[in-house]
Novice: 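The structure under discussion is supplied below as structure tokens; questions concerning it will follow.
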Amino acid sequence: MNERHLYPNPVSVNEAVEHLHNGDVVGMPTETVYGLAGLASNDDAVLKIFQTKGRPRFNPLIVHCADMTMAREIAEFDPLALKVANAFWPGPLTLVLPKKANARISDLVTAGLDTVAIRLPKHPMARRLLSTLGQPVAAPSANPSGKLSPTKAQHVIDAFGGAVPVLDGGACEAGVESTILAIENNRIILLRPGNVTAEMVESEIGIKVNLPDSGKIVAPGMLKSHYAPNAKVRLNAISPNSGEAFLGFGSAAFDGPNCRNLSPKADLAEAAKNLFQYLRELDAMGVASIAVAPIPIEGIGIAINDRLARAAADRTT
Ligand code: AMP
Ligand code: MG
């Protein structure tokens with residue numbers, strides 16, 4: 001603890017670049033959630049990311065690039081991968097692709113796999129950071145492992161007690177982590193749902209998006225319990241039990257200090273944007289349990305239900 005100093009947060013892009021060049025980690029806004037960034041080529045910086053988060057080492061990190069030139073130095077893009085990248089980058093979509101043999105990426109980033117997860121973020125501040133830095137960063141969400149993802153700079157500052165320099169890029173637009181697609185043998189496989197939905201990919205690219213073969217661990221670290229508040233989470237609730245907080249959606253909502261509505265107009269994009277912030281606010285009330293209204297399992301609602309299922313999962317396993 002002693003060697004850690006407290007930063008006067010938030011920091012500027014130039015200060016963040018300097019911290020990164022020094023091998024330090026930095027809180028970085030993206031359009032999905034805030035990331036905890038470190039130089040992807042630097043073992044010590046990547047180790048610092050895992051240590052700061054308390055993240056298991058077998059859980060690989062997403063590499064964030066400024067542009068396609070940077071991305072193509074790291075990963076092999078076949079024609080299908082190029083088509084998907086051209087259609088959705090920069091944006092809230094991560095591609096898992098074969099890692100180039102000479103990629104300057106710490107093995108800690110990929111947890112020893114021969115594939116790499118890669119993304120071009122759209123957030124203007126992240127883009128400015130990456131282009132000024134001139135090299136890729138590895139960045140998982142900037143939260144202690146297993147806890148709710150941060151969607152505001154203050155969440156990152158609160159989580160790490162000011163021990164991490166943080167860029168303030170405002171509230172995240174998408175609010176849930178990026179969609180992850182693996183592209184292999186001319187197939188697209190959905191590893192994690194997000195704001196870029198399978199339907200969007202299918203209509204843009206014209207081929208089917210597959211789900212992973214069941215039982216096969218294709219995305220290491222997709223742990224069942226994740227994104228969890230301290231309170232228990234009860235799903236598909238019609239109304240709160242006594243003493244329970246309520247997270248509503250559309251007309252399934254209640255009034256009261258312990259109640260929030262993810263989207264009064266039942267808009268799934270708005271609900272995704274509010275999801276982690278509202279879970280945090282209800283959790284901060286110290287309730288034992290948060291009841292959550294049913295969220296339609298369609299479009300971005302698939303990603304919301306995925307995160308809620310993890311928040312509700314048994315934490316003992
Ligand atoms: P995050 O916690 O948002 O950084 O998410 C990173 C997730 O991306 C990990 O939990 C993995 O499931 C997935 N991922 C990263 N690299 C790979 C890879 N090479 N192959 C498959 N999944 C990956
Ligand atoms: Mg995360």
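Note that the numbering runs from 1 along the sequence shown for the chain. Atoms within a ligand are numbered from 1 in the order they appear, just like the ligands themselves.
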Novice: Within a distance under 4.0 Å of any heavy atom of Leu113, pick out the atoms of ligand 1 and give their elements.
Specialist: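 Under 4.0 Å from Leu113, ligand 1 has these atoms: 18 (C), 19 (N), 20 (N).
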Novice: Does Lys99 come within less than 4.0 angstrom of ligand 1, counting non-hydrogen atoms of the residue?
Specialist: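 Heavy atoms of Lys99 never come under 4.0 Å of ligand 1.
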Novice: Go through ligand 1 atom by atom and flag the ones less than 4.0 Å from a non-hydrogen atom of Ala117.
Specialist: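 By the 4.0 Å cutoff, the relevant atoms are 15 (C), 16 (N), 17 (C).
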Novice: Who are the ring pair (Phe, Tyr, Trp, His ring centres under 6.0 Å) partners of Phe246, not counting sequence neighbours?
Specialist: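 With sequence neighbours excluded, Phe246 shows a ring pair (Phe, Tyr, Trp, His ring centres under 6.0 Å) to Phe254, given in chain and number order.
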Novice: Compute whether any side-chain donor of one residue and acceptor of the other, for Arg119 and Thr30, lie under 3.5 angstrom apart.
Specialist: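 Side-chain D/A pair, Arg119 to Thr30: present.
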Novice: For the Mg ion (ligand 2), does an N/O/S atom of Asn143 lie at less than 2.8 Å?
Specialist: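 False for Asn143.
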Novice: With nothing but distance in play, are any N or O atoms of Glu177 less than 3.5 Å from an N or O of ligand 1?
Specialist: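 No.
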Novice: I need the single residue from Thr32, Asn195, Thr94 that forms a side chain to side chain donor-acceptor pair (under 3.5 Å) with Ser178. Which is it?
Specialist: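 When Thr32, Asn195, Thr94 are each tested with Ser178, the side chain to side chain donor-acceptor pair (under 3.5 Å) holds only for Thr94.
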Novice: Can you see whether His155 engages Gln277 through a side-chain donor-acceptor pair at a distance of less than 3.5 angstrom?
Specialist: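 Yes, a side-chain donor-acceptor pair sits under 3.5 Å.
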Novice: Can we say Asp306 and Arg310 salt-bridge, meaning some charged N sits less than 4.0 Å from an Asp/Glu carboxylate O?
Specialist: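 A salt bridge links Asp306 with Arg310.
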Novice: Given Ile62, Val96, Asn59, which one has a non-hydrogen atom that is nearest to atom 20 (N) of ligand 1?
Specialist: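 Closest candidate by heavy-atom distance is Val96.
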Novice: For atom 2 (O) of ligand 1, tell me which residue out of Arg119, Arg55, Lys53 has the closest non-hydrogen atom.
Specialist: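 The nearest heavy atom belongs to Arg55.
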Novice: Run down the list Thr32, Leu95, Thr115 and name the one with the heavy atom closest to atom 19 (N) of ligand 1.
Specialist: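 Shortest heavy-atom distance from atom 19 (N) of ligand 1: Thr115.
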Novice: Considering only Ile, Leu, Val, Met, Phe, Trp and Tyr, and joining two whenever side-chain heavy atoms are under 4.5 Å apart, list the other residues clustered with Ile302.
Specialist: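 Ile297, which link up through side-chain heavy atoms under 4.5 Å apart, make up the rest of the cluster.
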